[in-house]
Each structure stands twice: as C-alpha cells, then as structure tokens.
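Remarks on the structure that follows.
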Amino acid sequence: LGGDALLPAPQSISILSTNMKHFLTWSPVIVQGATVRYSVEFQGEYEREYANGSWIPISECALTTATVCNVTDDISATVAYKLRVRAELGATRSQWGTTKGFFNRAMTSLTPPLLRVVADGHHLLLELADMGPSFQFRVLYWRKGQESRVQQKVVKEVSSMVHLDTVEAGAEYCVKAQAHVEAIDRSSSFSPTQCVRAQGDTSL
Amino acid sequence: SGELYCSLPNPRNVHFESVNMKNVLHWSAPEGTGDGVLYKVKYAVYGVGKWIRKPECRNINRTWCDLSSETSDYEEQYYASVKAFLNGTCSDWMETTRFNPLTDTKIDPPVVSVSSTDRSISIILTAPEKWKRSPEEESISLLQVYPGLQYNVSVLNKKTKKRWFFSISNNTLVVPWLEPSTAYCVSAQIHVTTPFLDSGFSKELCITTLKDK
Amino acid sequence: SVTEIRAGFRAIKANIQSRDPVRSLSILSHPQSLHKVKSSDRCCITHQLFTFYVDKVFKHCRTEDSFVNRKISSIANSFLSARRRLGQCHEQNNCPCGEESTEKFKQILANYEGLNVTSAAMKSLGELDILLDWMEKSR
C-alpha cells in the first residue's frame, strides 16, 4: 500500500463508559495478509478553545493491534472531549476517524453498588465492592416496619467491613445504597434492598 | 568566592525527610570517599532565593542536618544544598528538589487510648503535633494544619476474628453493645483527602471488656 | 475537582519544577504571599488565577514528554470546568473584587511578565501546589 488515502479510516468509532471507566472502540480495518495497527489521540475543550485545536496522543494506544483503547486516565475532567483513531500499516496511514459529537464523562452510566449486609450481634455492618477512586456511597437503612424513619450514612472509603450502626437485637433491619460521583455530581440508582436480623438477646 | 578548586565527588541523594513537619536534610557521602569528609549546609526560601548558611551544620561529619526551625513556615517552600570537603578539596553544591512542608511531610499515626465497660469500649484519638522548637512553644495539632483530617479506626474482635472499620471526623468513638469478657484490639489511621496524606495504622491496642454485671 | 488537579500535579511536580532553575523568583508567593489576601477577596482572586492559568500558562507548557503533556491537559481541562463553576459565582455577584485582590493580581502578572514566556509558564505550572494549598487552607 502506498500513500495515505489507500488505507481506509476506522469506522464505528464509539465510547463505552461505565462507572467512570471510558473505552474507545472501533471496527477493525481489514487488509488481507497484513496486521493493521492503530493510534489514538484525544482533544479536550481546553485544547479546542485555547491550544489551537491540538490533539494529544495516548501512548498506551500507539500502534496497537487492539480495536479498543482505555482512555479513562485522559478523560479526567468534566468537559467535552473528542477522540480520534487512525489505521497504520507500515508507512501508510489512514485518515483519522473521529468520534461523532463530544463525550463528557458526566455521560457515564452508573450502576448500583454491590453490597453485602451483615448483622453481628447488635451491630449492622456493610461490605461494599470498590468502584474506584471517584466513588462514594450513600447508604440508607431502617428498621423493618419503620420505613418512615430511614437513616443515612455516606461512606467515602471502601474498606472490608464498614460499621453502619448499633441496632436492637432481634429486630430486622433493611439496607440499600447508591453510588455517587462528586466530580460529575451524579448518583446511580439504588441497589436492591437487603434485610438482616440482628442476632442476640432482645433486651436493649 | 575564595572557594577551593572543587574536584571532590558530590554528595548524593540530597533530600528532605519530614515527619510531622520535622524537616531533616539527609544525604549520602560522595562515592569512594572514606572517613574524614566534612560538610556544610545552606538553605533558601523559594521565591527569595538568597542562600542562608546553617552554622550548626558547618564542618560536620554526619550526613544529616535538622532544618526544621528554618523551614517551619509551611506557607513557604524551600531548597537546601550540601557541599563536601576532604583534604583541601571540595565538591560542588548539591541541591534538593523544591520542598513543600505541607505536602511533602509524612504524618505519624494518631495516639490511641481505649477504656472499657462490660459492654462497650471508648476510643480517644489524638492527632500528632506539628514539630516545635521547644517544649515551651505553643503546640499546634496537625488537625489545625489539615482541616480535612479524618480518622479511620479498625476494631478487631479477638474471639470472632471479625474486624470492623469506622471513619470519623471527631476524635472520640464509643462502640456499644459488645461482648463481655472479650478482647478487642483497636488501631487507627489519619486520612487527609487533600493534599492526599495518609498515616500508617497505629500499633494495635487491645483491651478486654469487663465481666457481665 | 481540586482533588483530581492535585493528583495530576503530584504526578508531574518533580518533572515540572526541575525545569525551573530560578529559585529567587516566584510568580504567586513573593513578594506578597497569597495567604495575606483578605477572605472577602478570595473568590475573586481565585477566579482571576484560574483565568490566568487557562489563558496564559498551560498553552506554553508543552514538553517533549507525552506523559507530562497528558497530565497538563488533564489539569488544564479540570481548570476549565472549575473556572466555569467559579464563573457562576462571579455572575451572581458573589465574588467581589476588592482593591487588594486587584493589586495582588497585578503583582502576579508583573512577576509573570518579568520572565520570558516559556520560563514564566513553566514556573507558574510548578507553583500549582502553592495555589492549591492556599485554596484548601482558605476553604
């Protein structure tokens, strides 16, 4: 192949973003008997408005054979980004294929947190799956039957067994939680409610 | 400046080691030099730049120099530099990178004290103090230096081997409704979100709840 | 967010500050420290400084190091979104600009213009922790 125009630009370029992890994907460019490689660049609002529309290469996705690139570390501000990818085969390079429209990390889809509720004597404990540094959790809990007296706790750091509260032994308590990302000021939907019975004697 | 011809190898790895803003300059001896090397130290406030000699660290043979007093204003940033001398010759001045006492210090774990009744333990946490020149000088808690300071507390039930974690902003924690005659071990860590600074966890302190009344 | 800006800066602090050999000059902290600014003027000077960094500083900080350039982009775009939030205060007149902050900002610009543009930009970028420390303390 010679010259840029012969190698087609990658198509179907899109961003998959879940829980503040962002991936650029595209369709492979097929050239019989050859290994096509790709390079990816990004442009934030700053580059567009203040740096002459410059583009910044992502070194982890330079000359990659994969058709996906983790752009999480570079999409690191709540502004509008553009991304582009081109195919390369030896000295031949395709035109850039660019994402349609802009991507802002505020558009990421947020899933409810995975949690496990444990009753240990008079103590209500919570195990939360780590969702990454951007996340904190809003936890609601109440005594079953007293749905009007819901209590709330914000858990900023995930450690193995977070102490939620001291509760009445023998009573049943229900818990649900949602993930919150301060950087984009958005929350996930709530997790399914989990109820546990506090063991031990009933006297307080 | 009347300096000798400097052909001695340079001091190496000149850097600040800072804990609770006790800021000590450290370095390694020049390569290949045995005993007898002497050093002198100077420092500068960033933005002012005038080098200031440290008399107490002039012609010393140790490889550290306490600059806590000179770098105690944590709204400033600093450089320090070391020069070596041996048998009439000397090295170049070797500088640190820019030192920011606020972000480049390490923080000790909090001091933990625990008391118990038959069914509860009470934990009191004390954040370390900022380094001070003398015991008479007014104490400044690191809580005043880092307003966003929080504590992570771990409580281990030695019988069940279950460990619980608490995150608190104030310095006291009461854990009620525990098992009587049971050993609980407490450890705590300081967590500052910004600038990002975490102490290690304190040494575990164990206490046994009293017998059931 | 400021936490993300701090994390970005911490990753390149040593690299950026090593490109600034001038110890005797500071853009932000001398001759008069940011910490001396009256609390009533803080919002205004913060907004002015964010504009200063966006308009003047970041574009002159391109380096030969791809990792550093990506972190600078991350910081610059975070400044842009932070300034937008600050701008809302400015529009709602919750961000008064007193004489002191105007004077202080003039001094910062004078410090900046006293150096060639690349040195001034790199020095300003290397002083981000001075700005962040001051913002955190005065929060």
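Keep in mind that the numbers below use all heavy atoms, side chains included, and drop hydrogens, waters and symmetry copies.
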**Request:** Would you mind reporting whether B/F196 and C/R10 have side-chain heavy atoms less than 4.5 Å apart?
**Result:** yes

**B/R58 atom CZ: more than 12 heavy-atom contacts under 6.0 Å** = no

**Message:** Under a plain distance cut-off of 3.5 Å, with no hydrogens placed, do C/H35 and B/E76 share a side-chain donor-acceptor pair?
**Reply:** no

**Request:** Would you indicate whether B/E31, at its atom CD, is surrounded by more than 12 heavy atoms from other residues, nucleotides or ligands within a distance under 6.0 Å?
**Result:** no

**Asked** With respect to chain B, which residue among C/V2, C/T3, C/L28, C/I130 yields the maximal number of heavy-atom pairs within a distance under 4.5 Å?
**Response** C/I130

**Request:** Go through the side-chain N and O atoms of C/E136 and B/Y146 and say whether any donor and acceptor fall under 3.5 Å apart.
**Result:** no

**Item:** Heavy atoms of other groups near B/D35 CG, more than 12 under 6.0 Å
**Value:** no

**Request:** Go through the atoms of B/V45 and report whether side chain, backbone, both or neither lie under 4.5 Å from a heavy atom of chain C.
**Result:** both

**Asked** Once you round to the nearest 0.5 Å, how far does CD of B/Q77 lie from OG of C/S29?
**Response** 7.0 Å

**Item:** Contacts with chain B made by residues 15-24 of chain C (heavy-atom distance under 4.5 Å), listed by residue number
**Value:** C/Q17, C/D20, C/V22, C/R23, C/S24

**Request:** Measure the CG-CG distance between B/N100 and C/L132 for me, rounded to the nearest 0.5 Å.
**Result:** 10.0 Å

**Proximal component of C/L34, with respect to chain B [non-hydrogen, under 4.5 Å]** = neither

**Prompt:** With only heavy atoms counted, which part of B/D104 is less than 4.5 Å from chain C, the side chain, the backbone, both or neither?
**Reply:** side chain

**Inter-residue atom distance B/T103.OG1 - C/K13.NZ, 0.5 Å rounding** = 4.0 Å

**Request:** Please test B/Y46 against C/E127 for side chain to side chain contact (heavy atoms under 4.5 Å, CB included), starting from the C-alpha separation and ending with a verdict.
**Result:** CA-CA 10 Å; B/Y46 172 67; C/E127 293 187 7; 2.5 Å; yes

